[in-house]
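Below you'll find the structure, written out as structure tokens, and then a few comments.
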Amino acid sequence: MELNTKFMKETFFIVMKAIPVTLEITIFTMIISMVLGFALSLKKIGRKKNHLVNFYVSFVRGTPIVLQILFFYSLLPTLLNYILNIVLKLNIKIFDINPIFYALAVFVMNTTAVLSEVFRASLLSIGQGQMEAALAVGLTPWQAMRRIIIPQSLTSALPNICNTTVNVLKSTSLAYMMTVQDIMAVAKKQAAFGYNYIEAYLVVLVWYIILCTVIQLIFRVTEIKVAQYKQGKRVKVLKIQGLRRFSYAGIKERAQVVWR
Amino acid sequence: MLELKNVHKSFGDNEILKGVDLSVNKGDIIVILGPSGSGKTTLLRSINFLERADEGTIDFGDIHTSLVKAGKKDVYRIRKKTGFVFQNYNLFANKTALENITEGLIYAHNYSKDEAREKALKALRLVGLEDRADYYPSQLSGGQQQRVGIARAIAPEPEVVLFDEPTSALDPELVGEVLNVMKDLAKSGITMIVVTHEMSFAESVANEVIFMDGGVVVEKGTPKEIFSRPKDPRTELFLRRIIRKDYDYVI
């Protein structure tokens with residue numbers, strides 16, 4: 001058995017062109033889910049128990065994402081078509097909608113549930129005293145949330161948000177089932193011409209490692225920057241020259257402690 | 001200036017306050033004493049609505065309202081007229097010492113950033129921590145954190161500062177620095193209501209001592225009256241235990 005390296009090189013660059021699709025799904029999913037997830041987490045820490053929220057979270061957690069994708073991809077277009085065109089008679093071409101939106105819908109649904117738990121835990125980790133102190137100095141509950149509680153809880157949630165992002169990025173490889181042309185789908189298509197599946201999968205594998213590593217690095221740098229108050233140091237990340245220095249150790253080496 | 005009447009509060013079946021009255025004049029240093037569970041802290045917290053009482057009224061300057069049904073507006077006005085010092089400091093962990101103080105000045109009292117900074121630095125100077133302005137709470141000792149807490153409470157020049165056991169979470173050797181700051185404040189004429197177990201502070205600084213037990217005010221008077229001639233046996237027992245360390249049990 002021999003690897004077709006020429007094919008791999010070609011595929012590497014062809015697959016690269018599909019990265020924007022993968023990243024788009026990941027980034028938009030994260031942005032939308034962060035907002036929704038945070039709102040849900042506020043609902044969860046409230047006194048009233050909301051059964052709908054609980055049901056939703058159990059549903060998402062209790063079913064495989066592959067099943068969710070297949071289910072909603074079969075259900076959503078038909079359902080939308082029925083509601084919009086047959087009931088409301090709007091005459092919209094549902095079946096021409098870019099499948100990327102269906103992918104987004106499924107991933108947002110999934111990630112919102114995960115993030116709502118992440119935020120709930122991080123909000124609970126901030127002591128009641130912080131809120132009381134903020135109220136005592138005269139802030140409104142919303143000001144207290146925005147200026148004191150949310151910044152602290154985001155900081156403690158960052159490692160989990162990073163995890164979730166990486167998970168979403170990896171799950172986007174399932175979007176090919178919805179005919180979304182992400183890196184997985186493109187690679188599979190390339191492989192199909194000459195049955196070079198092993199080579200194609202190797203290439204995708206490398207790409208996922210690269211993407212995930214970059215995401216983790218970005219989060220790590222952010223973490224260091226926003227968690228200054230925890231270490232009790234004012235850390236300034238100095239100019240970063242070269243990729244090696246983009247590592248955690250490199251940043252630590254170069255971090256300068258500035259006492260004003 | 002500040003008057004609370006008939007304050008009741010229960011947590012579940014547990015009635016913590018059973019009709020407490022409190023009256024404070026400008027410049028008063030009032031120390032509230034009592035065994036734990038007697039409702040001292042709850043009384044203090046219901047003044048600035050950290051705790052909603054079940055019954056009672058508050059008269060504070062030109063505000064006359066119910067402790068139960070007070071609207072948002074009155075609550076915010078009262079909170080701005082009071083400073084609160086917490087037992088476990090409760091400094092904003094994500095803000096420096098200076099920002100801890102400017103936060104309320106800017107966002108609740110509507111000072112400009114520069115004015116707020118100036119006022120905050122002045123307050124830090126009063127507690128002797130001007131050089132720690134840019135430190136985060138995690139970099140400060142307990143005593144320093146509590147002094148920042150005091151600076152945060154006094155910076156907006158509130159009419160009353162409420163102290164909720166400000167030294168009881170501190171290591172013994174750090175209690176002194178906080179008490180000294182409080183003594184200085186008392187001399188400067190600030191009105192203070194202090195819940196504490198520091199008898200020496202009560203004796204030397206207070207002009208009125210209130211002894212609470214079981215959710216009611218048992219006795220009140222000048223420190224001299226309370227400490228040397230307690231009328232109620234409960235007061236006497238409490239003082240004997242705390243001051244004379246006169247425990248009637250054997251280990």
Side-chain angles (χ1 to χ4, degrees), chain A residues 38 45-48 119 121-161 221-237 255-260, chain B residues 44-45 47-51 72-73 75-111 131-140 145 148-149 151-156 158 161-162 164 169:
Chain A
F38 195 82
I45 57 171
R47 281 200 197 118
K48 272 187 244 155
F119 287 134
S122 73
L123 281 171
L124 289 179
S125 75
I126 311 296
Q128 186 64 34
Q130 295 284 312
M131 178 53 107
E132 284 183 358
L135 294 178
V137 299
L139 300 187
T140 63
W142 172 237
Q143 280 175 326
M145 280 310 275
R146 212 186 52 202
R147 306 204 39 87
I148 309 295
I149 311 290
I150 295 179
Q152 287 184 49
S153 70
L154 271 187
T155 312
S156 67
L158 259 183
N160 280 327
I161 296 175
V221 175
T222 324
E223 234 172 89
I224 293 173
K225 285 213 134 190
V226 298
Q228 289 170 3
Y229 73 85
K230 275 194 190 157
Q231 290 122 19
K233 286 174 195 159
R234 291 190 160 254
V235 182
K236 255 189 188 164
V237 182
Q256 191 194 22
V257 181
V258 184
W259 301 95
R260 263 208 282 154
Chain B
L44 205 64
R45 287 164 60 90
I47 296 176
N48 73 343
F49 293 91
L50 286 182
E51 216 75 74
K72 265 188 199 163
K73 224 172 146 193
V75 171
Y76 289 134
R77 278 182 68 202
I78 287 175
R79 281 182 183 157
K80 284 186 209 171
K81 278 149 78 87
T82 55
F84 201 97
V85 178
F86 292 89
Q87 182 173 2
N88 36 18
Y89 339 127
N90 285 345
L91 295 185
F92 306 133
N94 57 336
K95 306 274 175 197
T96 62
L98 188 82
E99 288 165 346
N100 258 280
I101 305 170
T102 55
E103 202 63 27
L105 291 172
I106 296 171
Y107 296 96
H109 295 267
N110 299 320
Y111 285 101
D131 55 330
R132 295 288 190 272
D134 289 327
Y135 282 45
Y136 285 98
S138 59
Q139 297 167 279
L140 300 172
Q145 288 191 53
V148 174
R152 178 172 70 179
I154 60 169
V161 184
L162 313 170
D164 180 17

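Proteins get letters first, then strands, A, B, ... in listed order; numbering begins at 1 in each. Please read all numbers here as calculations on a predicted model, not as lab measurements.
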query: What part of Tyr107(B) lies closer than 4.5 angstrom to a heavy atom of chain A: side chain, backbone, both or neither?
result: both
field: CZ-CD1 distance between Phe92(B) and Ile126(A), expressed to the nearest 0.5 angstrom
entry: 13.0 Å
- prompt: How long is the gap from CD1 on Ile148(A) to CD on Glu103(B), to the nearest 0.5 Å?
  reply: 4.5 Å
field: Pairwise distance CG(Asn94(B)) to CD(Gln152(A)) - rounded to 0.5 angstrom
entry: 4.0 Å
query: Non-hydrogen atoms of chain B under 4.5 Å away: do they reach the side chain of Gln143(A), the backbone, both or neither?
result: side chain
- prompt: If every non-hydrogen atom of Leu139(A) is compared with every non-hydrogen atom of Tyr76(B), which pair is closest and at what distance?
  reply: O-CE2, 3.9 Å
CD-CG distance between Gln128(A) and Leu50(B), expressed to the nearest 0.5 angstrom: 9.5 Å
field: Per-residue contact mode, Leu91(B) against chain A (heavy atom under 4.5 angstrom)
entry: backbone
- prompt: Of the backbone (N, CA, C, O) and the side chain (C-beta and beyond), which part of Lys95(B) lies under 4.5 Å from a heavy atom of chain A, both, or neither?
  reply: side chain
- request: Could you tell me which of His109(B), Arg79(B), Arg152(B) has the largest number of non-hydrogen atom pairs under 4.5 Å with chain A?
  value: Arg79(B)
Heavy-atom proximity to chain A below 4.5 Å, by part of Arg45(B): side chain
query: Based on non-hydrogen pairs under 4.5 Å, which of Ala134(A), Ala133(A), Pro151(A) is most in contact with chain B?
result: Ala133(A)
